[in-house]
Amino acid sequence: MLEKLEQALAFQRQALEVQARRQQLIASNIANADTPGYKARDLDFRAALTKAQSSRSAPGLKKTDPEHLSAGDDDPLAEYEGYRTEVQSAVDGNTVDMDQERTAFAETAFHYEASLNFINRLLKSMRTAITGQ
């Protein structure tokens, strides 16, 4: 039973992880809006989610001892991070466009909230199916 619940929620869980990572990058961009030379970063959401979906069944390596070497995939979303293309050049080399950051932040927050609402509705319908109420 628990396995079926995990399968039903796997996509939404992965979507939440990718959205949270993107939100962190956008927040970092906003925090560094006045930092000279800072380059705005973003995450390719579609590619990262596709990769997460394709690799979800593959078991990860587990470090059981601090002396073990890293598997090299400590941060699977890092390969989907990149720098945003510059919209308007700044004298100090900063590429953060606050209008673009605010829009991306609101969009990502909206999608995150929608995913949470979907999960809530799914859990409620499963509870209804189990209890019959």
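Computed over heavy atoms, backbone and side chain alike; hydrogens, waters and symmetry mates excluded.
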Which atom pair, heavy atoms only, marks the closest approach of [X] to [Y]?
X: N94; Y: A33; value: ND2-O, 3.0 Å
X: M98; Y: I30; value: CE-CG2, 3.8 Å
X: V96; Y: E101; value: CG1-CG, 3.7 Å
X: Q19; Y: T108; value: O-CG2, 3.5 Å
X: E81; Y: L25; value: CG-CD1, 3.6 Å

State the [atom1]-[atom2] distance between [X] and [Y], to the nearest 0.5 angstrom.
X: L122; Y: N117; atom1: CG; atom2: CG; result: 12.5 Å
X: M126; Y: T128; atom1: CE; atom2: OG1; result: 11.0 Å
X: Q100; Y: T85; atom1: CD; atom2: OG1; result: 6.5 Å

*How about N120: does its CG atom have over 12 heavy atoms from other parts shown lying under 6.0 Å from it?*
yes
N/O donor-acceptor pair under 3.5 Å between [X] side chain and [Y] backbone:
X: D44; Y: Y80; value: no
X: K39; Y: G82; value: no
X: T95; Y: A40; value: yes
X: S28; Y: Q24; value: no

Sub-4.5 Å side-chain heavy-atom contact between [X] and [Y]:
X: R84; Y: N29; answer: yes
X: K124; Y: R121; answer: no
X: F118; Y: Q12; answer: yes

*Is it true that E17 and R21 have a side-chain N and a carboxylate O under 4.0 angstrom from each other?*
no
State plainly whether one hydrophobic cluster holds both [X] and [Y], where clusters connect Ile, Leu, Val, Met, Phe, Trp and Tyr through side-chain heavy atoms under 4.5 angstrom apart.
X: V18; Y: F105; answer: no
X: L116; Y: F110; answer: no
X: L77; Y: F45; answer: yes

*Derivation of the side chain to side chain donor-acceptor pair (under 3.5 Å) call for D92 and Y38*: CA-CA 9 Å; D92 64 359; Y38 183 81; over 6 Å; no
